[in-house]
K.L.:
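The structure's right below; bear with me while I get my questions together.
Computation of the quantities below employed the complete heavy-atom set of this structure, encompassing side-chain atoms and omitting hydrogens, waters and symmetry-equivalent molecules. All ligand and atom numbering here is 1-based and tracks the order in the structure.
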Amino acid sequence: MDLCEFEASLVYRMSSRTVRAPWKEERRRMSGLTFRSTKAHWTANLSRPCSHGPTGLFVPPSPPLDPEKIKELQRFITLSKKLLVMTGAGISTESGIPDYRSEKVGLYARTDRRPIQHIEFIRSAPVRQRYWARNFVGWPQFSSHQPNPAHWALSNWEKLGKLHWLVTQNVDALHSKAGNQRLTELHGCMHRVLCLSCGEQTPRRVLQERFQVLNPSWSAEAQGVAPDGDVFLTEEQVRSFQVPSCDRCGGPLKPDVVFFGDTVNPDKVDFVHRRVKEADSLLVVGSSLQVYSGYRFILTAREKKLPIAILNIGPTRSDDLACLKLDSRCGELLPLINPQ
Ligand SMILES: [Zn+2]
């Protein structure tokens with residue numbers, strides 16, 4: 001059986017059986033983990049039942065692993081000779097990073113009311129000052145997140161020649177920490193800083209040292225810290241925070257990530273389209289595909305009639321295009337798959 005026949009058999013089986021499942025109804029009723037900023041501090045509403053373990057706080061509930069589905073995914077992977085994998089925030093929740101689909105760079109990029117907008121960051125020095133002050137305080141925790149078994153599995157797939165290319169919508173550097181090199185970070189990476197004037201890229205950790213030198217007596221005492229490291233600071237704290245500029249040209253600095261209202265570099269988009277066209281199958285891991293910058297590659301894959309499998313807890317924008325859909329924890333399922 002080749003991939004096309006496999007896909008056809010799965011589509012038939014999916015359409016011929018009832019897909020209602022009690023846990024899906026349960027999940028729909030759950031409102032999810034939400035954060036809100038009060039005048040004094042961040043508060044977390046942990047009303048949603050959480051998965052076990054300290055890093056499970058941000059993983060939505062999921063049904064037990066289905067042995068049949070595992071076998072189906074195994075066959076999909078075995079039959080794939082040029083597999084393209086696209087990952088989203090859902091793969092990093094098991095590393096302790098909250099899943100905020102609509103905010104490409106997570107809580108880091110948020111003000112206390114709404115996500116930061118690219119144009120505001122570019123135009124306003126006070127906005128940049130507030131952003132960097134919060135980012136400075138949250139950085140030690142954010143940068144300490146480590147790859148989980150799902151990242152390690154994909155790294156292993158690359159080493160064994162199973163992975164044609166990996167595209168991630170995440171900015172947390174967990175794939176590169178796990179050792180993946182055949183990797184495109186679609187929305188950039190928080191671990192790099194970009195000069196808006198001359199384009200020089202520098203490591204984020206170097207900027208942290210410059211912040212410390214410039215703000216030796218600045219009190220980084222946050223009123224409260226959200227689990228991903230984002231913080232609430234008073235206006236007074238923000239106003240006294242000194243933000244360095246580019247060492248080379250004096251221009252303003254920005255994380256090398258795509259903020260709201262910005263677009264992904266067209267060359268990068270073309271590059272990924274080419275990788276998709278070379279692939280013979282596509283696996284989506286931990287993404288609801290709501291953001292167009294990732295969804296467009298699904299459309300390309302579909303045009304090419306590539307079989308698509310999706311591993312994501314909860315519905316996605318492309319469930320109807322997939323030959324295989326799995327609602328499981330990425331870190332539990334992917335290590336079970338033999339890539340050879
Ligand atoms: Zn510069």
K.L.:
Is NZ or CZ of Lys254 both nearer than 6.0 Å to the six-membered ring centre of Phe259 and within 45° of the ring axis?
P.N.:
yes

K.L.:
For Phe260 and His118, I'd like to know if the aromatic rings sit close, meaning centre-to-centre distance below 6.0 Å.
P.N.:
no

K.L.:
Under 2.8 Å from the Zn ion (ligand 1), which protein N, O or S atoms do you find? Ignore water molecules.
P.N.:
Cys195 SG, Cys198 SG, Cys246 SG, Cys249 SG

K.L.:
Under a 3.5 Å threshold, yes or no: a donor from one side chain and an acceptor from the other, between His175 and Thr87?
P.N.:
yes

K.L.:
Name the orientation class of the two ring planes belonging to Trp132 and Phe121 (parallel below 30°, tilted from 30 to 60°, perpendicular beyond 60°).
P.N.:
perpendicular

K.L.:
Quick one: list whatever passes ring pair (Phe, Tyr, Trp, His ring centres under 6.0 Å) with His191, sequence neighbours left out.
P.N.:
Trp139

K.L.:
When you measure from the centre of the six-membered ring of Tyr131, is the NZ or CZ of Arg134 closer than 6.0 Å and no more than 45° off the axis?
P.N.:
no

